[in-house]
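I have placed the structure first, in the form of structure tokens, so that the comments after it can refer back to it.
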Amino acid sequence: MNKLLSIVIISYNQEKYIQDSLLSALNQDYNNYEIIISDDCSTDNTWQIINEIVRNNTNTNSHNIMLNRNNENLGIVKNYQKALSLTTGEWIVGLAGDDIAKPNRLQVTNEILQQSPNDIFAIGTGFDVIDEKGRYISKNIYFKKNKISLPLFPGFASSIHRKTFSDFPAIKTNLQSEDILYTLRALELGKILLTNTSLVEHRIHSNNITSKGTTIEAYKGQIKNYENAIKTIEYYKASELRNKKLLPIIDNQINDFKSQIKSINFIISFYRMNIFKKFCNLHKIEPFSKRNKQYNIYFKIKVLIESYKVTGFLLKKLMLFLRKRRNTDKNIQIISFFNI
């Protein structure tokens, strides 16, 4: 039996990518699903593009398409909560407005549910990382087998049981890490199933909230992400925690995130120290005269090499090489269960 599945797309200022995301939801190899799109008061053309695509949609496979636009910016978690309140399916499939669901995502999700016990309340999957232009970068396995490290899955590669929404109080404060919140709720209710089968293409670009990359701005974005995660965990601990077995996991994760922030701050300091500058002794170059040809040449070299973008470019190439090597031998059939 094909379960009614609800695809939830939350969007904010994603005019460059929302078309790919929405079309991927509309063109699923599955015949019993609905799509709920909640735009968080975008200031660009995201909302107009969404409406145009829905108006021109000739695909009749989807059960229903519901559009919502918030009157004010609510933030990720509250916007997600609003979208969840509009769903009717027992299971909700998350998707960001800049990511792409593979055509078989709902079909595979349904097959997993048919084979799973009834005490499963969340599913996390693997995903492919793509760049701004949709070019493949690598396969990503987000979780570590047999180890609980929050979040167990990113929101865009997750499916959650509606009880993780309906059995908990409404969120009153402004939070930004919905994946951690629903990981904790699912662990409270029962088990989480994880498979490293890739069902989503996750796009990395300069405007990602959870920005990845090797520029100072990207690393600052990661710090902000960890700070938001800590805020979410502390909110859960203070407002929603029921099972005290979660306390050690929560406290260890907060300490781990704080350690990650320290590590990233060290990387930022490395950029500012600029090893290339010292290696080439360019810090010793002093301007004698703006008319001095030799000075002008050295100055151009200095500006080029001092730029953290040079360091970032080299680090990025190294990271991509290592990531591809690391993911070469992954077995995508492994499925793990987590509970407390």
Side-chain angles (χ1 to χ4, degrees), residues 12-14 16-17 75-77 96-99 127-144 149-157 174-181 183 200-234 252-280 282-283 302-327:
Y12 177 68
N13 286 356
Q14 291 160 325
K16 291 182 179 179
Y17 314 113
I76 292 176
V77 174
D98 49 5
D99 296 328
F127 54 92
D128 294 340
V129 180
I130 60 176
D131 65 13
E132 293 189 3
K133 296 182 179 180
R135 295 173 297 198
Y136 175 84
I137 297 176
S138 68
K139 175 176 166 50
N140 195 303
I141 307 302
Y142 197 84
F143 56 89
K144 296 180 180 179
S149 180
L150 302 176
L152 287 175
F153 49 80
F156 58 81
N174 187 21
L175 301 172
Q176 297 294 324
S177 299
E178 88 286 359
D179 41 17
I180 287 181
L181 185 69
T183 294
V200 181
E201 293 180 343
H202 174 52
R203 196 187 304 268
I204 298 296
H205 57 87
S206 57
N207 294 327
N208 282 70
I209 292 294
T210 53
S211 182
K212 292 180 175 62
T214 51
T215 64
I216 287 181
E217 288 79 7
Y219 282 120
K220 286 182 177 179
Q222 290 178 42
I223 289 176
K224 183 178 180 181
N225 184 46
Y226 284 126
E227 289 173 344
N228 287 332
I230 292 171
K231 181 180 178 181
T232 300
I233 295 174
E234 289 177 340
N252 289 337
Q253 193 64 66
I254 289 174
N255 291 332
D256 181 65
F257 284 153
K258 288 180 177 178
S259 176
Q260 294 288 344
I261 290 173
K262 288 182 180 178
S263 298
I264 294 172
N265 277 323
F266 175 80
I267 294 173
I268 292 174
S269 297
F270 167 79
Y271 271 125
R272 288 172 175 161
M273 178 184 70
N274 203 323
I275 192 170
F276 286 100
K277 177 180 176 181
K278 293 191 174 182
F279 179 77
C280 298
L282 293 181
H283 62 296
K302 180 179 179 181
V303 170
L304 174 65
I305 298 181
E306 276 191 343
S307 172
Y308 64 82
K309 292 181 180 179
V310 175
T311 310
F313 174 79
L314 295 175
L315 286 176
K316 183 177 182 180
K317 291 298 183 183
L318 177 61
M319 288 167 61
L320 292 178
F321 171 76
L322 293 176
R323 189 182 295 162
K324 288 180 179 178
R325 288 285 297 274
R326 187 182 67 216
N327 289 324

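Remember, it's a predicted structure, so these values are computed and weren't measured experimentally.
- Side-chain contact between Glu234 and Ile254 is present, with heavy atoms from C-beta onward closer than 4.5 Å.
- Among all heavy-atom pairs drawn from Phe156 and Val200, the shortest one is O-CG2, 3.5 Å.
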Run the side chain to side chain contact (heavy atoms under 4.5 Å, CB included) check on Ile233 and Ile180 step by step: do they pass?
CA-CA 7 Å; Ile233 295 174; Ile180 287 181; 3.6 Å; yes

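- Between Phe257 and Ala229, the shortest heavy-atom contact is CE1-CB, 3.6 Å.
- Between the OG1 atom in Thr232 and the CD atom in Gln253 there is a gap of 12.0 Å [rounded to 0.5 Å].
- With rounding to the nearest 0.5 Å, the separation of CD in Gln260 from CD1 in Ile223 is 11.0 Å.
- In terms of heavy-atom proximity, Glu178 sits nearest to Ile76 at OE1-CG2, 3.2 Å.
- The aromatic rings of Phe127 and His202 lie perpendicular to each other, with more than 60° between the two planes, well past the 30° mark.
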Should Tyr136 and Val129 be marked as a side chain to side chain contact (heavy atoms under 4.5 Å, CB included) after you check the CA-CA gap, both sets of side-chain angles, and the distance that decides it?
CA-CA 6 Å; Tyr136 175 84; Val129 180; over 6 Å; no

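- Closest non-hydrogen pair, Ser177 versus Asn225, comes out as OG-O, 4.3 Å.
- For Gln222 (side chain) and Lys220 (main-chain N/O), no donor-acceptor pair under 3.5 Å exists by modelled atom type.
- In this structure, NZ on Lys258 lies 14.5 Å from OG on Ser263, to the nearest 0.5 angstrom.
- For the atom pair Lys16 NZ and Lys133 NZ, the distance stands at 10.5 Å (nearest 0.5 Å).
- Looking at every heavy atom in both residues, Val77 comes nearest to Leu181 through CG1-CD2, 4.0 Å.
- Between Asp98 atom CG and Ile130 atom CD1 the span is 9.0 Å, to the nearest 0.5 Å.
- Under a 3.5 Å cut-off, the side chain of Lys231 and the backbone N or O of Asn174 do form a donor-acceptor pair.
- The two residues Arg203 and Glu132 make their nearest non-hydrogen contact at NH1-O, 2.9 Å.
- Note that CD1 of Ile230 is 4.0 Å distant from CD1 of Ile261, once rounded to the nearest 0.5 Å.
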